[in-house]
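The figures that follow rest on heavy atoms only: side chains count, while hydrogens, waters and symmetry mates do not. The chains referred to below are lettered A, B, ... by the order of the sequence lines, with proteins before strands, and numbering in each begins at 1.
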There are 2 protein chains.
Amino acid sequence: MKMNDNRSRLIEIAEGSVQRSGLKALSFRTLADEVGIKSSSVHYHFPEKSDLARTLIEQYRDKLFVELNGIATSGGSLRTQFLAFVDVFGGTAQDNRVCLLCMMASEFAALNASNQVLLANVFTNLENWLANLFDSRREELATQLSSQQMARLVMSGLEGALLIDRVMHDSERLDTQKTALLQLMK
Amino acid sequence: MKMNDNRSRLIEIAEGSVQRSGLKALSFRTLADEVGIKSSSVHYHFPEKSDLARTLIEQYRDKLFVELNGIATSGGSLRTQFLAFVDVFGGTAQDNRVCLLCMMASEFAALNASNQVLLANVFTNLENWLANLFDSRREELATQLSSQQMARLVMSGLEGALLIDRVMHDSERLDTQKTALLQLMK
DNA sequence: GTCTATAGGCTGATAGAC
DNA sequence: GTCTATCAGCCTATAGAC
């Protein structure tokens, strides 16, 4: 398993670039330059830009769920697992990055049909993970909201918070979302 | 006052385009075509693209605050004014649009320094409007959160909800944010 | 897998006529 | 204010050599 081959490096660099500036702002040339190859070689790995987009979404999803499965397996209280979930998202949003899914969502109109469906499915998967967490520990919930409502509340709150916090050069909104949502848990 | 002059039409069409696809995806040529003039004429009104971006943010801000000032003036309960605030934001997000500020935030890295500051100031203004509302009716708040925390919670929750709801082709997250936030008010 | 070379199109921006 | 004409640069994508 070669972790440092060019394909992996392309994905890694493209991921950071999309999280900072979006897919539209990323060119095959710039991407190639940063890896030290030519743009035509990038097309060998990703024939069209939509192929790169699909790969980025899939890999981001897979990386997230590796961590989320770890959280679910190790158990812990609802509050503990919720905070771990928040850390997974906040962790991908350092250095002027926001969540890759959020950037893709903002460029939704430019995605082809299959990538639009893929992106929607990832959001569904994440909300389902959260809903399952809230369901399995309903006795630790201190709210009338359903597990699914809680899941949607968390996802939308986190994505919006990361987006605005980057503009404001602080983390006040992410901190506030954490505080507010914790008050819905025992 | 000419409401239909080309400058106004350019702004109106550009606003919708940015809310759907972002600033980067909007070209002077496409914009000119939709108004029925040439791209060089667009440059007469907005010498550089950053001038267009600044105008769009300022006009969007001004339109929002016309409505928000109306809400504040007519008074009403906290819940009433909060729901009116949500409607102002939700109202700008029909037909595959999201909030223009949210799109600008997602393209933050591509904005020049002064537009970055302008955008941050608009978010601050909106949070301050909300914080003032919560302050002036603190007795109707049913939470330990401060007025400023409530303001940040609302803004980030709404922006994230609109963004993800567009991907999911529903309005579940906006509805859930409304429901959840209302439970923090008497 | 990577390269050179290139096609064909779009982009922001400008000069100068009217 | 709008036009024609144009520029230099960037973009995605492909053909074909190695």
Side-chain angles (χ1 to χ4, degrees), chain A residues 1-18 20-57 59 103-104 106-116, chain B residues 1-18 20-57 59 103-104 106-116:
Chain A
M1 183 176 64
K2 296 182 291 182
M3 296 296 287
N4 288 14
D5 60 16
N6 283 340
R7 186 174 198 276
S8 302
R9 293 178 63 204
L10 285 169
I11 295 173
E12 183 186 357
I13 291 173
E15 181 182 271
S17 178
V18 169
R20 288 186 187 83
S21 314
L23 188 65
K24 182 106 187 175
L26 173 65
S27 79
F28 275 49
R29 271 179 175 75
T30 302
L31 183 53
D33 285 346
E34 294 194 46
V35 173
I37 59 178
K38 294 297 174 180
S39 68
S40 55
S41 302
V42 179
H43 279 283
Y44 168 80
H45 296 287
F46 307 101
E48 302 185 10
K49 207 173 184 184
S50 58
D51 297 311
L52 176 59
R54 175 178 40 75
T55 302
L56 290 176
I57 297 171
Q59 163 150 335
M103 293 300 294
M104 293 290 187
S106 77
E107 296 181 284
F108 185 71
L111 299 179
N112 66 18
S114 68
N115 281 336
Q116 288 186 346
Chain B
M1 184 176 63
K2 296 181 292 182
M3 297 296 286
N4 288 14
D5 62 351
N6 283 341
R7 187 173 198 277
S8 302
R9 293 178 63 204
L10 285 168
I11 294 173
E12 184 187 356
I13 291 174
E15 180 182 272
S17 178
V18 169
R20 287 187 188 84
S21 314
L23 187 66
K24 182 106 188 174
L26 174 64
S27 79
F28 275 50
R29 273 178 173 72
T30 302
L31 183 54
D33 285 346
E34 294 194 45
V35 173
I37 59 178
K38 294 297 175 180
S39 69
S40 54
S41 302
V42 179
H43 279 283
Y44 167 81
H45 295 287
F46 307 100
E48 302 184 9
K49 207 173 184 182
S50 58
D51 298 311
L52 176 59
R54 176 177 39 75
T55 302
L56 290 176
I57 297 171
Q59 163 151 333
M103 292 301 296
M104 293 290 186
S106 77
E107 296 181 284
F108 186 69
L111 299 179
N112 66 19
S114 67
N115 281 336
Q116 288 186 346

### Query
Should B/Asn112 and B/Gln116 count as side-chain neighbours, where that means a heavy-atom distance under 4.5 Å?
no
### Query
Below 4.0 angstrom from OP1 or OP2 of D/dG1, is there any side-chain N or O of B/Asn6?
no
### Task
Could you pull out all residues at least two apart from B/Ser17 that satisfy side chain to side chain contact (heavy atoms under 4.5 Å, CB included)?
B/Leu26
### Query
For B/Lys38 and C/dG12, what is the distance between atoms NZ and P respectively, to the nearest whole Å?
16 Å
### Message
Can you measure A/Leu10 atom CG to C/dT2 atom C1' for me and round it to whole angstrom units?
### Response
12 Å
### Between C/dT11 (C1') and B/Lys24 (NZ): distance, integer Å
10 Å
### Message
Within the 4.0 Å heavy-atom criterion, would you say A/Leu31 contacts the bases, only the backbone, or no part of the nucleic acid?
### Response
nothing
### Task
Remember a base hit wins even if backbone is also touched, and classify A/Leu52 as base, sugar-phosphate or nothing at under 4.0 Å, heavy atoms.
nothing
#### Entry: With sequence neighbours excluded, residues passing side chain to side chain contact (heavy atoms under 4.5 Å, CB included) with B/Ala110
none
### Query
Counting just side-chain N and O atoms, does A/Ser27 come under 4.0 Å of either OP1 or OP2 of D/dC10?
no
Atom pairs, protein N/O to nucleotides 13-16 of chain D N/O, distance under 3.5 Å:
unit_1	atom_1	unit_2	atom_2	d
D/dA13	OP2	A/Lys49	N	2.9
D/dA13	N7	A/His43	NE2	3.2

### Task
Find the distance B/Ile37:CD1 to D/dT2:P and express it as a whole number of Å.
5 Å
### Task
Determine whether B/Leu31 and B/Arg9 make a side-chain contact, defined as any pair of heavy atoms from C-beta on separated by less than 4.5 Å.
no
### Message
Strictly by ring pair (Phe, Tyr, Trp, His ring centres under 6.0 Å), give each pair with a member in residues 26-50 of chain A just once, sequence neighbours left out.
### Response
A/Phe28-A/His43
#### Entry: All salt bridge (charged side-chain N to carboxylate O under 4.0 Å, His left out) counterparts of A/Asp51, not counting sequence neighbours
A/Arg54
### Message
Without decimals, in angstroms, what is the distance between A/Asp5 CG and C/dT2 P?
### Response
8 Å
## Note on the structure
Whole-Å distance, A/His45 NE2 to C/dG1 P, equals 6 Å
### Query
Rounded to whole angstrom units, what separation is found between the CZ atom of A/Arg9 and the C1' atom of C/dT2?
14 Å
### Query
What residues form a side chain to side chain contact (heavy atoms under 4.5 Å, CB included) with A/Glu34, not counting sequence neighbours?
A/Ile13, A/Thr30
